[in-house]
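What follows is a single structure, written as structure tokens, with notes after it.
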Amino acid sequence: MKVISMNYNFREIEAKWQKYWAEHETFKASNHSDKPKFYALSMFPYPSGAGLHVGHPLGYIATDIYSRYKRHKGFNVLHPMGYDSFGLPAEQYAIQTGQHPAITTENNIKRYREQLDQLGFSFDWSREVRTSNPQYYKWTQWIFIQLFHSWYNKTSDKAENIETLVSVFEKEGNANVQAACDDDTPTFSASEWNHFSAKEKQEILLKYRLTYLADTEVNWCPALGTVLANDEIVNGVSERGGHPVIRKKMTQWSMRITAYAQRLLDGLDNIDWPQPLKDSQTNWIGRSEGASVKFKVLNVELEDENSKFKTQNLPFEIEVFTTRPDTIFGVSFMTLAPEHELVAKITTPAQKAEVEAYVEATAKRSERDRMADVKTVSGVFTGAYAEHPFTKEPIPIWIGDYVLASYGTGAVMAVPCGDQRDYDFAKHYNIDIPNIFEGVDISEEAFADKATTIIANSDFLNGLSYKEATKKAIAELEKIGQGKGKVNYRLRDAVFSRQRYWGEPFPVYYVDGMPQMIDLEHLPLELPEVEKYLPTETGEPPLGNATHWAWDRLKAEVVSNDLIDNVNVFPLELNTMPGWAGSSQYFNRYMDPRNNEAIFSKEAIDYWQDVDLYIGGSEHATGHLLYSRFWQKFMFDMGYVPKDEYAKKLINQGMITGESAFFNIIEGRLKKGDEEVSTFCQIIISKGTYDGLTLKKGTINKLPKPLFDFLNERIDIYLDFNKGYEGYTKSYIAFKSTNIDVNLVDKEQVSILRLLENERLKVIGNAHYFDGEEVVPNEKMTEETRANVFREIEKMSKSKYNVVNPDAICEEYGADSLRLYEMFLGPLEQSKPWNTAGITGVSSFLKKLWKLYMPFFDSDAERSRSVTEAEPTADNLKTLHKTIKKVQEDIEHFSFNTSVSSFMICVNELTAQKCTSKSILEPLAILVSPYAPHIAEELWERLGHTESIAEAPFPKFEEKYLVESTKEYPISFNGKTRFKLEFPADMGKEEIEAAVLAHEKTKEQLQGRDPKRIIVVPGRIVNIVE
RNA sequence: GCCUUGGUGGCGGAAUUGGUAGACGCGCUGGAUUCAAAAUCCAGUGUCUUCGGACGUGUGGGUUCGAUUCCCACCCAAGGUACCA
């Protein structure tokens, strides 16, 4: 046997087993098995050009450990991986370079695959999916068509085929239909329906379909040339690129997710997902209970006559939603959103100019502005009045931008005594603030506490609590027909159109302006080629550049635009689907990814059912994870899937943060008044020196002497060469440098001169260095002159120059070390900083593990057998079974960091015990295998096995090896441990108490005092109370 | 502001029903080995200390024989959300 194989050569071993697994398809999952199934899923990545950094594999490693563990436990495991490969970056790159996004994407995927492969994941690659692959997005288009052909029946509380709705219309019109539909849906009878033209019928049905075309206010991002979903906007600007976003009305495809609001909320109770994630979905859906109330608008024409208000009503009504119908007698004004459609209709001539100016000013303000200043109160009186439903008193109607058009009805009944915003508004405009709460002072602020509310000055509500008054108020409103109880949701329907190229085409063409679906058998409708990826000159989406983008209904194929005759050949939809379309059912497609007849076979979905464990980032809380739940519920209603929640358990892995590196720098400047000129003299100083400076800028005589002397001299030299600075004072500024690339840092130090090689850091490369004693001028430095950096924890990202690449780690320490270290770092869910230095710990653990198995590598078989078949000692067995117990519990609790520790303890103990017993080391290899699969396979083979370790049964824990005959009791006084005493494990309470009290050390501790009480917890502790 | 999560040595972190706080690893200190370095191995490493001990899990209270763990109030950090009627 070769000497080389005696050492732990991870490069050789890892390459060998990765090849073995690929060739033997070790992890290929079968859709037919007698074993119980387990579906472990990691969120699939978007293959970006930057490749993976060490933060990305964290969740994949966790899922992989769990998958491998479940295989050892006898499960048929589905553990797939794929790519969310449609997306903006590839398209932006295409716009800049002209390279087709498909090519960029393909290259990026290749790179991802290499990186993933070298980490030794047990993925079933035969099931890989790519959302940009036509064979995949065929089924995304298919689901879109299913949604188009469906409506939501509130009576049965599920989606149904649109045909069932049509048949109701034909028989009885829509008066009794309880459906999720557009607000402006008209009421019609059966005969009216039957007399509608085909186009009219289509228009009506669009108001019911689960995906529908409508004019919607959208978030338009001019810089990106596309609309964005709410969750793609952060602080009023686009999440990607930070561009401004404005509101704009456009005809767009939308998804009627609001139909599922309640079920999406209720479903959260039945799934084991992290509480913060559930909370953010709950907030996003934003359910609130209250009442809808109608206020009649009073006739305003006689207002100028100084006479009493005329009570003759205009035909207008303002509908509001309130969560506090109990406070209805506290209403002293109404506020409409400036965009509210009634504003123009009710404004009096006298107020017209002012109102119009305000409406215009609001429309001009970006969402960002409006959000940024929440403090300013602004609004305008319309001149109109509404009538209080009970008191019949007139209530002034205002408009104000604190009321949002997109929430509720875009109008509020203002109750200043009970709502702080209404209160501020009333104060600001001197509007009456009636107090309707008993025993509450509202002179300073509104009173919003429901729990202690007692209503007063409110006619029939007097003396009632919030709950009672709410109930009563709703009942009274219903009696007079001016209101009813209502549940309102913040959730809006999801806009589904994107004005982009690199996304799924809609399987839609237009006949007479009405959308028609392409028949299922003609899918996929593939993306056309285009010359340019930008919008067209007429402002149409990029698909408008395609010359071959028309649908020939007779031939059932895509033909040239020139052939459009609107008889047989029609224009195709120019928008594409958003990023979340492809990810909303991918987990089900993995079950049967090569099926061309169906999205998945019935057998496959019946076998795999749902995802047992889903691991991914929390950033998808209100995007992917909400939309995919919506689609799953729809698929469930249609009978395609057996579960209406697709993932039983979900874990958000924490972010791995980077340790960014910085210098502190002092720069010499010349200062005169407000003018400051750099002298291009920079000195790198330590963090300590920086923190020691009382002022971060000032005149140089404030600096420590060596720094003062040096800067003084250098600035003089500067002044010799640069004239015209008479009257300027020598000053300095101290600051934090730009990010230093972490790859340049070695043991917290950086060679200053080597920074000259880096274009971005050249300036610092020319700096001098203050070592705490004296200043080393740049010209006297050698390559060895190094300065200490200081660290700050930041998100790991390319732009912060703190990215650590897993390839380099694998090269130096191996994949098994990287896997162990990522887990060892800390709890999976928490975010934690990456520090490469610590990896030596797990790396030397693997070397120690390897050493333990050395007797098996002995070329002398006889000698080898005599050691390795030795009977295990009691200590050996205790160590092993302690570890089995711990590791099994840890994996099941997703506490992977602690099992790495227990492996270390185990190997340390077995090494100390000089254990060479095969019956110990064999199960140990299986224990380690989910975490460090390569070394485990190699050791397994060297133990004499010819099959992969992947399905070797997990060792069985046996309690009997852990039973102790004695127990070391901590003896504590008033809860503080002072010393320890060893007693037999089965010793009784009284005996222990007597033995402890009789002991010398106890007497010493008590110093003659009598203990008040003695607590003995057998097997745990003795506590003496003095 | 609201919601959520967290706060333990120089650092990452452990302590599974309230029962020996700081496991394991990094780093650091000393030693062995080496011409030297790397690697490896051994010992030590919470703070203070008059070397007896005392203190110690963000702060202040409480419950308990006993609290990192439970309760109350507060401070700080991270993430989410935000004129939501």
Side-chain angles (χ1 to χ4, degrees), chain A residues 234-235 274-284 286-288 290 320-324 327 335 337 370-371 373-377 400-404 406-415 418-422 424-425 488-490 618-619 621-622 652 654-655 657 659 747-748 791 793 820-821 824-827 829-845 847-848 851 886 889-890 893 895 897-906 908 968-980 1011-1017 1019-1026:
Chain A
V234 178
N235 295 328
Q275 195 56 43
L277 195 156
K278 288 186 181 183
D279 287 341
S280 78
Q281 291 207 349
T282 305
N283 292 339
W284 196 258
R287 178 193 155 104
S288 45
V320 301
F321 174 74
T322 175
T323 53
R324 296 294 302 272
T327 63
T335 315
R370 266 173 86 168
M371 279 201 283
D373 96 282
V374 285
K375 294 276 177 284
T376 323
V377 176
D401 67 4
Y402 80 95
V403 177
L404 304 178
S406 57
Y407 183 77
T409 59
V412 301
M413 57 174 228
V415 183
D419 181 286
Q420 194 57 44
R421 284 155 313 157
D422 295 344
D424 294 340
F425 196 89
N488 199 48
Y489 298 93
R490 196 187 76 124
S618 59
E619 66 272 23
T622 50
N652 289 132
M655 193 173 36
T657 49
E659 290 193 310
K747 299 221 168 115
E748 305 309 291
R791 301 284 196 165
I793 305 288
L820 281 171
Y821 189 53
F824 187 62
L825 234 36
E829 294 97 325
Q830 277 169 34
S831 83
K832 52 237 158 203
W834 179 268
N835 177 5
T836 306
I839 201 172
T840 54
V842 292
S843 173
S844 59
F845 156 73
K847 286 179 200 157
K848 285 186 215 164
K851 265 194 192 161
K886 177 83 177 134
E889 282 171 2
D890 283 348
H893 290 108
S895 173
N897 53 327
T898 48
S899 33
V900 179
S901 299
S902 52
F903 286 140
M904 290 174 172
I905 295 167
C906 176
N908 288 345
E968 192 182 45
Y969 280 89
I971 312 300
S972 57
F973 292 78
N974 295 328
K976 293 265 173 204
T977 308
R978 296 303 176 199
F979 55 89
K980 289 159 195 170
K1012 277 193 198 130
R1013 213 176 136 187
I1014 296 167
I1015 287 121
V1016 178
V1017 185
R1020 286 229 184 249
I1021 200 175
V1022 177
N1023 189 21
I1024 297 167
V1025 187
E1026 290 186 58

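Values below: every heavy atom of this structure, side chains too, minus hydrogens, waters and symmetry copies. Residue numbering restarts at 1 for every chain, and letters A, B, ... go by the order of the sequence lines.
- Rounded to whole Å, the separation between the P atoms of B/rU47 and B/rC83 comes to 50 Å.
- Each of A/Thr323 and A/Ile1024 was matched to the nucleotide of RNA chain B holding its nearest heavy atom; the match closer to the 5' end belongs to A/Ile1024.
- Looking at heavy-atom distances under 4.0 Å, A/Lys980 makes contact with a base.
- Annotation for A/Leu404 and A/Ala337: closest pair C-CB, 4.0 Å, computed over non-hydrogen atoms.
- Side chain of A/Val1017, nearest nucleotide from B/rC84, B/rC41, B/rG19: B/rG19.
- When Watson-Crick and G-U wobble pairs are counted only if both distances are under 3.5 Å, B/rC51 pairs with no nucleotide at all.
- As judged by a 4.0 angstrom heavy-atom cut-off over every strand, A/Arg978 is placed among residues touching the sugar-phosphate backbone only.
- Taking only side-chain nitrogens and oxygens, A/Arg421 never comes nearer than 4.0 Å to OP1 or OP2 of B/rC83.
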Open item on the list: Apply side chain to side chain contact (heavy atoms under 4.5 Å, CB included) to residues A/Ile1024 and A/Ile971 and explain how you reach the verdict.
Closed with: CA-CA 8 Å; A/Ile1024 297 167; A/Ile971 312 300; 4.1 Å; yes

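- A donor-acceptor pair shorter than 3.5 Å cannot be found between the side chains of A/Asn488 and A/Ser288.
- For A/Trp284, taking side-chain heavy atoms from C-beta onward, the closest of the listed nucleotides B/rU4, B/rA21, B/rA82 is B/rA82.
- Backbone-only engagement by A/Asn908 is indicated by non-hydrogen atom pairs under 4.0 Å involving sugar-phosphate atoms exclusively.
- Contacts of A/Glu889 with the nucleic acid, taken as non-hydrogen atoms under 4.0 Å apart, include base atoms.
- Among the protein residues, A/Asp890 comes within range of the nucleic acid bases, having at least one heavy atom under 4.0 Å from a base atom.
- For B/rU69, there is no paired base (Watson-Crick or G-U wobble, both distances below 3.5 Å).
- As the counterpart of B/rG1, B/rU81 is assigned, both hydrogen-bonding distances of the Watson-Crick or G-U wobble pattern falling under 3.5 Å.
- Comparing A/Ser895 and A/Asn974 against RNA chain B, the residue whose closest nucleotide sits nearer the 5' end is A/Ser895.
- For B/rU4, the base has no donor-acceptor partner in the side chain of A/Gln275 [N/O atoms by modelled type, under 3.5 angstrom].
- When Watson-Crick and G-U wobble pairs are counted only if both distances are under 3.5 Å, B/rU45 pairs with B/rG27.
- Glycosidic conformation of B/rG52 is syn; the angle stays within 90° of 0.
- In this structure, A/Phe845 and A/Phe903 have parallel ring planes: the angle between them is below the 30° cut-off, well short of the 60° mark.
- Residue A/Pro827 is in sugar-phosphate contact alone, with no base atom involved, counting any heavy-atom pair closer than 4.0 Å across all strands shown.
- Remark: the A/Asp424 side chain and the A/Tyr402 side chain contain no N/O donor-acceptor pair separated by less than 3.5 Å.
- Residue contacts for A/Val412: at a heavy-atom cut-off of 4.0 Å it reaches a base atom on one of the strands shown.
- In this structure, A/Tyr489 has its ring center no closer than 6.0 Å to that of A/Trp284.
- On a pure distance criterion of 3.5 Å, no polar donor-acceptor pair joins the side chain of A/Arg490 and the base of B/rU81.
- Within 4.0 Å of A/Ser901, counting heavy atoms only, lies at least one base atom of the nucleic acid.
- Side chain of A/Thr898, nearest nucleotide from B/rG12, B/rU20, B/rA15: B/rA15.
- With a glycosidic angle further than 90° from 0, B/rG56 counts as anti.
- Among the atoms of the strands shown, only primed sugar atoms or phosphate atoms (P, OP1, OP2) are found under 4.0 Å from some heavy atom of A/Asp279.
- Pairing partner, B/rU40: B/rA32, with both Watson-Crick or wobble hydrogen-bond distances short of 3.5 Å.
- The residue A/Thr840 sits close only to the backbone: its heavy atoms come under 4.0 Å of sugar-phosphate atoms, none of a base.
- The side chain of A/Phe824 sits closest to B/rC24 out of B/rC24, B/rC83, B/rU81.
- Residue A/Lys886 is classed as a base contact, given a heavy-atom separation below 4.0 Å to a base.
- Within the 4.0 angstrom heavy-atom criterion, base atoms lie near A/Ile1015.
- Across all strands shown, B/rU16 forms no Watson-Crick or G-U wobble pair with both distances under 3.5 Å.
- Figure legend. B/rG6 is base-paired to B/rC76; pairs are counted as Watson-Crick or G-U wobble with both atom distances under 3.5 Å.
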